[in-house]
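A quick note: this is a predicted structure, and the numbers were derived from the prediction, not measured.
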Amino acid sequence: MEPVTLTTGRLVLRTVGPADTDAVFAAAQDPETQRWISQFPSPYLHEHAKQFTEQFAPDGWANDSMFTFGAFLPAGELAGMLGITMRSLGVAELGFWATKEHRGNGYITEATTTTTRWAFTALAVDRIEWRAEVGNAPSRAVAERAGFTIEGTLRSAVNNKGVRRDCWVGSLLPSDLGLPSTAPYLPAPPAHA
């Protein structure tokens, strides 16, 4: 798929490229970001940012496996990053992070709401999962504000720099946003006492 650009009231959501390498590198130096993003190498080197912007992000779009959006302010400043990764037929996983300078402004919630709606309508996705290491309260707050239902805790479900850790998992369905599903959904019947 060719990369798309989405807009919100305050953001331009577009894929990243070589011109964004320095901004991604600078944002990735934040210790909080490195602490919670298990996929980030530590130390995060300029070559990692270059590989992300010049290979990883474009390849994901080209092979329809991961759809990466940089969340940019209208003047061009990077506020955060989001990725929608295809996991199985009709199921995707959302990941995101905010730059240190722009946390607490609601940008990532705004971007999450827009990109998940796009995924449901453009990618034929019927379930988007969110996962975060237990303790990452800001990530959980974004997911909840964007309408995700927290489904529980998965034991030993993430490997963060060589250490197995528990993670929260949540989901968002098209019906949560008033959108139709591509396949019928039959919820489990209530448990009997």
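- In this structure, CZ in R117 is found 9.5 Å from CG in L172, a value given to the nearest 0.5 Å.
- More than 12 heavy atoms of other residues, nucleotides or ligands sit less than 6.0 Å from atom CZ of F25.
- In this structure, V12 is not a member of the same hydrophobic cluster as F96, with clusters built from ILVMFWY side-chain heavy atoms closer than 4.5 Å.
- Contact check for H102 versus E77: side-chain heavy atoms found under the 4.5 Å cut-off.
- Inspection of the Q34 and S42 side chains reveals an N or O donor paired with an N or O acceptor under 3.5 Å.
- No side-chain donor-acceptor contact under 3.5 Å links K50 to the backbone of Q55.
- The backbone N or O of L45 lies less than 3.5 Å from a partner atom in the side chain of H48, making a donor-acceptor pair.
- Rounded to the nearest 0.5 angstrom, M86 CE and D64 CG are separated by 8.5 Å.
- Interatomic distance, E144 CD to T109 OG1, rounded to the nearest 0.5 Å: 10.5 Å.
- From T114, atom OG1 reaches atom CH2 of W118 across 12.0 Å, with rounding to the nearest 0.5 Å.
- Between the side chain of N136 and the main chain of E133, no donor-acceptor pair closer than 3.5 Å is present.
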> Hey, mind stepping through T21 and H46 against side chain to side chain contact (heavy atoms under 4.5 Å, CB included) and telling me if it holds?
Replying inline: CA-CA 8 Å; T21 300; H46 196 270; 3.6 Å; yes

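- By the criterion of side-chain heavy atoms lying less than 4.5 angstrom apart, applied directly or through intervening Ile, Leu, Val, Met, Phe, Trp or Tyr residues, Y44 is grouped together with V16 in one hydrophobic cluster.
- For residues 173-183, the side chain to side chain donor-acceptor pair (under 3.5 Å) pairs, not counting sequence neighbours, are D126-T182.
- With values rounded to the nearest 0.5 angstrom, M81 atom CE is found 9.0 Å from T53 atom OG1.
- Contact of the T15 side chain with the F69 side chain is not registered, since no non-hydrogen atoms from C-beta on lie closer than 4.5 Å.
- When all heavy atoms of I128 and A119 are compared, the pair lying nearest together is CD1-CB, 3.9 Å.
- The closest donor-acceptor contact from the side chain of E110 to the backbone of R10 lies under 3.5 Å.
- Applying the 6.0 Å contact sphere to NZ of K161 captures more than 12 heavy atoms from other residues, nucleotides or ligands.
- With hydrogens and angles ignored, the 3.5 Å screen pairs no side-chain donor or acceptor of S38 with any backbone N or O of N160.
- In this structure, F148 and T112 have side chains that are in contact, with non-hydrogen atoms separated by less than 4.5 Å.
- Grouping the Ile, Leu, Val, Met, Phe, Trp and Tyr side chains by contacts below 4.5 angstrom, directly or via other members, places F67 apart from V91.
- Ring planes of W168 and W130: parallel class, angle under 30° (limits at 30 and 60°).
- Put simply, L13 and L73 are part of the same group of oily side chains (I, L, V, M, F, W, Y) that touch within less than 4.5 Å, one to the next.
- In terms of the side-chain contact (heavy atoms from CB on, under 4.5 Å) criterion, residue partners of T33 (sequence neighbours excluded) are, by chain and number, D30, I37, F40, W97, R103.
- For the pair L82/T68, no side-chain contact is recorded, criterion being any heavy-atom separation below 4.5 Å from C-beta on.
- Nearest heavy-atom pair across T116 and I84 is N-CD1, 4.5 Å.
- By the 4.5 Å heavy-atom criterion applied to side chains, R14 and D20 are counted as neighbours.
- Within the 3.5 Å criterion, the main-chain N or O of S156 finds a donor-acceptor partner in the side chain of D166.
- The aromatic ring centres of F56 and W61 sit 6.0 Å or more apart.
- Nearest heavy atom pair, residue G80 against residue I108, reads CA-CD1, 3.9 Å.
- Heavy atoms only, all atoms of each residue included: P187 and Y185 are closest at CD-O, 3.5 Å.
- At least one side-chain heavy atom of R140 sits less than 4.5 Å from a side-chain heavy atom of I150.
- Other residues, nucleotides and ligands contribute more than 12 heavy atoms inside 6.0 Å of the CZ atom of R164.
- Side-chain contact check for T115 versus L6: some heavy-atom pair is nearer than 4.5 Å.
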>> side chain to side chain donor-acceptor pair (under 3.5 Å) for E129 and S171? Distances and angles first, verdict last.
In response: CA-CA 4 Å; E129 295 181 350; S171 69; over 6 Å; no

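- In this structure, F120 is a member of the same hydrophobic cluster as M1, with clusters built from ILVMFWY side-chain heavy atoms closer than 4.5 Å.
- Atoms CG and CG, on L173 and L179 in that order, are 11.0 Å from each other to the nearest 0.5 Å.
- Between V158 and R131 there is no side-chain heavy-atom pair separated by less than 4.5 Å.
- N105 places no side-chain N or O within 3.5 Å of a backbone atom of Y107 that could act as its donor or acceptor partner.
- Considering only residues two or more places apart in sequence or on other chains, R145 meets the salt bridge (Lys or Arg N to Asp or Glu O under 4.0 Å) condition with none of them.
- Across all their heavy atoms, L11 and A111 have their closest contact at CD1-CB, 4.1 Å.
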